[in-house]
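See below for the structure under consideration.
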Amino acid sequence: MFEVKNIEDTNLAENPVIAQMSKYDHEQLLFCNDNATGLKAIIAVHNTVLGPALGGTRMWTYNNEMEALNDVLRLSRGMTYKNSISGLNLGGGKAVIIGDARSMKSEALFRRFGKFVNSLGGKYITAEDVGISPVDMTWVSMETNHVVGLPGKSGDPSPVTAHGTYVGMKACAKEQFGSDSLNGKKIAVQGVGHVGEYLVEALAKEGAEIYISDIHEPTLKRVSETYGAKVVGLDEIYDIDMDIYAPCALGATVNDETLSRLKCSIIAGAANNQLQNEIIHGQAVMERGMIYAPDFALNAGGVINCYSEVKGLSSEWAMGKAEEIYGTISNIVKRSVAENVPTYQIANKMAEERIASIGKVKLPL
Ligand code: NAD
């Protein structure tokens, strides 16, 4: 079994590739090259004990191949934990395409990539990630059926992600305040894009006092007027008097600088990688008496939506499954208190325990 480690703690510069794969128990790496289309990609399958490895494809201008390799190893492992803690029969995988998403895209490149995905025979299922559009994925799908999130299929995951975030936030409130009602609670939502706006809508319905920030002025104005949310500055958001901080834009906003300013007692938002350093800031949050809802457990609605597509299940099923995030977050917080261990570590342990337990009845694919 792979050990609980800081998810960032992967440094290929110091280790040969197979040693690095072995360190975190990665099952398989597929290096893809095609000179005719310019495709250079890496597909990482971290763990398939629970089912096929699902995770998006990212296109990025990595400075070098080692950086791309580090990224795909780290991200695929993260997907194993996310899929496991969410109770899905999915393993963890990820793919990276090395190159400039603005200038290097072509139908031929993505179809070639699709052939590589297909060569894994369903062990890896891909989806959109940073730098990839629905059109790109449509090209991939011409060569493989192992793609989810295509236009006209399960659709925008954001409502499901926002719902899971909302119920998980309520679970935190129950543990911290004794009631899961968010009525009258001061909640700051950083970023009111796809997920943030749906979250604000749910919070407004429940009578929360909402504060919002966003770099995009027109969105900020529209969301503020529609839901009666108060606008705060991009930096001011860390200083306001609030009960709950909900990061729904950027990663790493929980760090040394912001922790000395944040007055909330709950951190629960949809953004990925909210703790700048899991070990340092996961501990610091706990020592301040704050509850941090581990992001990969709280924002699992997106992957739940993908899973519904893989299994041919309805959007109602996806919303229902996202409701289970309430129970998952409650269990994480209760165990964190009982064991005096930061919530993110408990979430990692719970994900690993599920894989270990199912691993007794199933072999990797
Ligand atoms: P989005 O791009 O639609 O929204 C992000 C919003 O944040 C935008 O409105 C943007 O203007 C704003 N923003 C950017 N920088 C900001 C800053 N410094 N301060 C305040 N606002 C800022 O993205 P999204 O789909 O709503 O996703 C939000 C977060 O949730 C991301 O971190 C994403 O990785 C994560 N997430 C999303 C899903 C999903 O289903 N969409 C699933 C899992 C995780």
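Just so you know, residue 1 is the first one in the sequence shown, and it goes up from there.
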Using a 4.5 Å cut-off on heavy atoms from C-beta on, say whether the side chain of [Y] contacts that of [X].
X      : Y      : value
Met242 : Tyr211 : no
Val148 : Leu54  : yes
Phe113 : Trp139 : no
Thr37  : Arg111 : no
Met350 : Arg335 : yes
Tyr198 : His163 : no
Ser133 : Val135 : yes
Val96  : Tyr62  : yes

Look at [X] together with [Y] and state whether they make a salt bridge at an N to O cut-off of under 4.0 Å.
X      : Y      : result
Lys185 : Glu209 : no
Arg261 : Asp235 : yes
Lys263 : Asp243 : no
Glu225 : Lys221 : yes
Asp180 : Lys174 : no
Arg222 : Glu197 : yes
Glu339 : Lys349 : yes

- prompt: Can you say whether the rings of Trp317 and Tyr307 are parallel (under 30°), tilted (30 to 60°) or perpendicular (over 60°)?
  reply: tilted
Would you name the heavy atoms of [X] and [Y] that are closest together and state the gap between them?
X      : Y      : result
Cys172 : Ile329 : SG-CG2, 3.7 Å
Gly93  : Ala53  : N-CB, 3.6 Å
Pro151 : Thr138 : CD-OG1, 3.8 Å

field: Stepwise salt bridge (Lys or Arg N to Asp or Glu O under 4.0 Å) test for Glu353 and Lys360
entry: CA-CA 11 Å; Glu353 285 163 6; Lys360 291 182 184 138; over 6 Å; no
When rounded to the nearest 0.5 angstrom, what distance separates [atom1] in [X] from [atom2] in [Y]?
X      : Y      : atom1 : atom2 : answer
Lys321 : Ile304 : NZ    : CD1   : 7.0 Å
Ser265 : Glu175 : OG    : CD    : 12.5 Å
Thr126 : Phe116 : OG1   : CZ    : 14.0 Å
Asn89  : Ile358 : CG    : CD1   : 7.0 Å
Leu234 : Leu250 : CG    : CG    : 9.0 Å

Is a donor on one side and an acceptor on the other found under 3.5 Å between the side chain of [X] and the backbone of [Y]?
X      : Y      : result
Gln176 : Gly289 : yes
Thr48  : Gly51  : no
Glu67  : Asn63  : yes
Thr80  : Gly91  : no
Thr144 : Ser141 : no
Thr165 : Gly269 : no
Ser181 : Asn183 : yes
Gln274 : Val254 : no
Arg354 : Leu88  : yes
Ser84  : Tyr81  : no

- request: Take Asn83 and Ser86 through the test side-chain hydrogen bond (donor to acceptor under 3.5 Å, both in side chains) and record every step on the way to the result.
  value: CA-CA 5 Å; Asn83 293 337; Ser86 311; 5.6 Å; no
Quick check with a 6.0 Å cut-off and a 45 degree axis cone: is [X] positioned over the face of [Y]'s six-membered ring?
X      : Y      : result
Lys170 : Tyr326 : no
Arg77  : Tyr24  : yes
Lys82  : Phe296 : no

From CA spacing to verdict: side-chain hydrogen bond (donor to acceptor under 3.5 Å, both in side chains), Asn273, Asp295: CA-CA 7 Å; Asn273 305 319; Asp295 44 21; over 6 Å; no
Any link between [X] and [Y] through a network of hydrophobic side chains (Ile, Leu, Val, Met, Phe, Trp, Tyr) touching at under 4.5 Å?
X      : Y      : result
Val310 : Ile43  : no
Val195 : Ile244 : no
Met66  : Trp60  : yes

- prompt: How about Asn33: does its CG atom have over 12 heavy atoms from other parts shown lying under 6.0 Å from it?
  reply: yes
- request: Applying salt bridge (Lys or Arg N to Asp or Glu O under 4.0 Å), run through Asp34 and Lys40 and close with a yes or a no.
  value: CA-CA 7 Å; Asp34 183 60; Lys40 293 201 175 353; over 6 Å; no
field: Partner of Val232 by side chain to side chain contact (heavy atoms under 4.5 Å, CB included), out of Val189, Ile240, Asp239, Leu220
entry: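 So the option named by the test is Ile240.
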- prompt: Given Gln28 and Tyr124, is the side-chain hydrogen bond (donor to acceptor under 3.5 Å, both in side chains) satisfied, shown in steps?
  reply: CA-CA 10 Å; Gln28 191 173 1; Tyr124 169 65; over 6 Å; no
field: His26/Asn47 under side-chain hydrogen bond (donor to acceptor under 3.5 Å, both in side chains): CA gap, chis, key distance, verdict
entry: CA-CA 6 Å; His26 281 80; Asn47 186 290; over 6 Å; no
